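Not measured: the values here are computed from a predicted model. Each residue takes its place number in the sequence, starting with 1.
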Amino acid sequence: MNMTKTRIYTISLGCPKNRVDTERMLGAFGDNMVAAPTAEESDLVLINTCGFIGPATEESVETILEAADAIKDLTPRPVLAVAGCLVSRYGKLTEQMPEVDLWLSTHELDQWPALAAKALSKELPVVQQRAISTGPAYAYLKISEGCSHSCRFCTIPSIRGPHVSRKLDGLVEEARYILDQGVPELVVVGQDTTAYGSDLDDKETNLRALIEKLLPLKGMEWLRLMYLYPAGLTDSMLSFLAQAGKPLLPYFDIPIQHAHPDVLSSMGRPFARDPRKVIDRVRKHIPDAVLRTSIIVGYPGETKEHFNTLVDFVKETRFQNLGVFAYQPEDGTPAGEMEQLPEELREERRERLMKVQSEISREILEEKVGETIQVLVEEPNDEWPGLFNGRVWFQAPEVDGITYVSAPEDGMELKPGMMVEAEIDNVTDYDLVTLVK
């Protein structure tokens with residue numbers, strides 16, 4: 001078998017949890033791979049798909065067809081492999097897309113090394129680590145798979161299966177490996193991170209135990225927790241988080257989805273019907289906490305009164321970061337069978353709530369002008385030489401605003417992965433403009 005390096009062109013769609021799966025698949029090649037700049041210049045095209053909602057499914061299908069068209073006349077033709085949630089949700093679409101050589105669902109990822117080796121007629125080394133693809137500034141640590149909740153709008157349990165926690169020792173080993181690459185920020189993700197360990201026989205293994213193991217690891221500047229379900233943010237847990245100290249960030253990503261009890265009940269959300277309780281609880285224990293959430297508007301049965309309650313809640317709570325999504329009916333979900341609100345109304349409500357949030361965000365950011373703050377440098381900005389994109393501690397990667405940072409003309413040279421002190425000079429609705437001191 002041929003041991004020359006495999007040229008791989010990769011597209012990873014969807015959420016950070018999917019990105020981790022992609023990195024694990026690439027890690028199966030060890031050092032025997034190079035990134036191909038285009039599909040046409042590759043030996044293998046790997047597309048890890050998303051199938052969570054309709055638009056994501058459409059994007060996945062379009063991406064597959066575009067890649068297939070790009071390589072169809074090449075000799076030899078690159079192997080086209082499609083993995084991920086699209087395959088788990090709809091099966092192996094061989095008849096619809098015969099151009100695909102290899103289909104892989106989320107439940108078959110352990111078979112990837114053998115299947116890829118066979119398709120490429122190459123031997124693959126036995127490698128357990130990931131090929132980090134998020135650059136030198138941050139990486140994700142996925143602590144669990146699937147979800148055991150029964151939200152009536154969500155396809156995740158049917159796609160990914162029930163909640164399954166990863167072993168604690170393996171997670172610590174993986175985190176240590178990531179930090180050894182020089183990555184300063186570790187972002188903990190899972191469908192419900194507060195449920196970590198709930199399915200394991202060892203009842204001493206939980207999110208607190210994991211955090212206690214991660215905090216002492218060398219090289220970590222920031223530890224960020226995402227997808228914290230309200231039910232898991234008990235007084236006991238919040239007291240621990242308040243006392244944990246650096247490098248744990250007081251950043252709370254709490255997906256509440258709505259504020260009106262009627263809508264929350266209809267959604268089947270697995271927590272108390274008044275989200276104000278968890279917000280108040282967080283702020284009681286950690287007054288300087290920064291809050292992010294995600295909200296769905298236009299859910300079936302959402303009345304004008306329900307929506308106005310939601311708008312008032314957002315105004316009162318003043319989230320630092322907020323994602324708003326117009327509801328998308330999905331086949332196979334109970335909510336998808338309900339009578340739907342007009343698409344125009346759903347989008348109108350999304351735009352209205354985002355306008356409210358943009359004003360809140362700008363007001364919060366304007367209060368920070370003149371402050372000196374740590375900025376994590378991520379990548380050069382194409383606008384002009386010396387300008388970089390970065391983030392401050394209250395900006396999570398890929399979902400929140402960014403921080404533009406530049407050094408004085410006679411100052412240091414900025415590089416991705418650096419942590420620098422900078423003064424906040426200006427703001428936009430969601431972003432900061434800073435200058436290294």
Side-chain angles (χ1 to χ4, degrees), residues 12-22 24 48-60 82-93 103-110 140-167 188-201 205-207 225-233 253-258 263-273 275 293-296 299-301 323 325-338 340:
S12 188
L13 302 172
C15 67
K17 300 177 284 294
N18 218 36
R19 172 74 75 100
V20 173
D21 290 344
T22 301
R24 288 184 182 145
N48 198 8
T49 61
C50 179
F52 177 46
I53 58 175
T57 297
E58 292 171 8
E59 181 187 16
S60 293
V82 174
C85 291
L86 178 77
V87 188
S88 294
R89 185 172 183 184
Y90 296 104
K92 298 173 182 179
L93 307 175
W103 296 94
L104 204 72
S105 75
T106 57
H107 311 292
E108 299 172 313
L109 296 182
D110 60 335
Y140 295 106
L141 182 69
K142 185 166 78 165
I143 65 175
S144 61
E145 184 62 84
C147 183
S148 295
H149 299 306
S150 300
C151 301
R152 296 190 179 100
F153 56 83
C154 186
T155 59
I156 291 296
S158 63
I159 294 173
R160 291 272 181 174
H163 173 90
V164 178
S165 301
R166 295 185 58 208
K167 299 296 185 183
V188 174
V189 296
Q191 200 61 37
D192 175 2
T193 54
T194 52
Y196 175 72
S198 61
D199 58 309
L200 300 177
D201 293 333
T205 298
N206 51 36
L207 183 59
L225 308 178
M226 304 293 287
Y227 312 112
L228 296 161
Y229 267 55
L233 292 175
D253 171 37
I254 309 172
I256 62 170
Q257 307 302 3
H258 212 278
V263 179
L264 289 170
S265 179
S266 180
M267 286 179 166
R269 294 295 285 163
F271 56 85
R273 297 299 175 225
T293 195
S294 54
I295 284 175
I296 295 173
Y299 186 80
F325 304 91
Y327 171 75
Q328 294 282 340
E330 294 299 319
D331 293 339
T333 63
E337 302 300 319
M338 298 169 67
Q340 305 298 316

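- Remark: side-chain polar atoms of S148 are paired, donor with acceptor, to backbone N or O of H163 under 3.5 angstrom.
- Exactly one of R24, K17, R166, R160 qualifies for a salt bridge (charged side-chain N to carboxylate O under 4.0 Å, His left out) with E145. That residue is R160.
- Listed for the T49 side chain is a donor-acceptor partner under 3.5 Å among the backbone atoms of A83.
- Using cut-offs of 30° and 60° on the angle between ring planes, the pair Y299 and F153 is perpendicular.
- The two residues T106 and C85 come nearest to each other via the heavy atoms CG2-N, 3.9 Å.
- Nearest heavy-atom pair, G51 versus T57, reported as atom, atom and distance to 0.1 Å: CA-OG1, 3.5 Å.
- Side-chain N or O atoms of N18 include none that pairs as donor or acceptor with a backbone N or O of G84 at under 3.5 Å.
- Scored by the side chain to side chain donor-acceptor pair (under 3.5 Å) test, E330 finds R89 as partners (sequence neighbours excluded).
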Query raised in the report: I143 and L207: side-chain contact (heavy atoms from CB on, under 4.5 Å), yes or no, with the steps?
Result: CA-CA 9 Å; I143 65 175; L207 183 59; 4.3 Å; yes
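- Note that OH of Y196 is 15.0 Å distant from CG of L228, once rounded to the nearest 0.5 Å.
- Here the side chains of Y327 and P329 are in contact, with some heavy-atom distance below 4.5 Å.
- With a 6.0 Å radius and a threshold of 12 heavy atoms from other residues, nucleotides or ligands, D331 has its CG atom at or below the threshold.
- Looking at residues two or more places apart in sequence or on another chain, you find a salt bridge (charged side-chain N to carboxylate O under 4.0 Å, His left out) between K92 and E108.
- Using a 4.5 Å heavy-atom cutoff, the side chains of S144 and D192 are not in contact.
- Put simply, the side chain of S60 gets close to the backbone of C50: a donor and an acceptor are under 3.5 Å apart.
- Between P275 and L264, the closest side-chain pair of non-hydrogen atoms falls below 4.5 Å.
- In this structure the side chain of I156 never reaches within 4.5 angstrom of the side chain of H149, judged on heavy atoms.
- Rounding to the nearest 0.5 Å places OG of S105 at 11.0 Å from CG of L86.
- In this structure, T22 contributes its side chain and N48 its backbone to no donor-acceptor pair below 3.5 Å.
- At least one donor-acceptor pair under 3.5 Å links the side chain of R152 to the backbone N or O of S266.
- With T193 contributing its side chain and M226 its backbone, the two residues share a donor-acceptor pair below 3.5 Å.
- No option in T205, N206, D199 other than D199 meets the side-chain hydrogen bond (donor to acceptor under 3.5 Å, both in side chains) test with S165.
- The distance from atom CZ of F325 to atom CD1 of I295, rounded to the nearest 0.5 Å, is 10.0 Å.
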Query - Evaluation steps, side-chain contact (heavy atoms from CB on, under 4.5 Å), between V87 and L104 - result: CA-CA 7 Å; V87 188; L104 204 72; 6.0 Å; no
**Report entry** side-chain contact (heavy atoms from CB on, under 4.5 Å) between R269 and V263, intermediate numbers included
**Finding:** CA-CA 9 Å; R269 294 295 285 163; V263 179; over 6 Å; no
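- Here the closest non-hydrogen pair linking Q191 and G146 is CB-O, 3.3 Å.
- Side-chain atoms of Q257 do not come within 3.5 Å of backbone N or O of T293 as any donor-acceptor pair.
- Expressed to the nearest 0.5 Å, how far OH of Y229 lies from OG1 of T194 amounts to 8.5 Å.
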Requested in this report: Test side-chain contact (heavy atoms from CB on, under 4.5 Å) on L225 and D253 and set out the steps.
Outcome: CA-CA 7 Å; L225 308 178; D253 171 37; over 6 Å; no
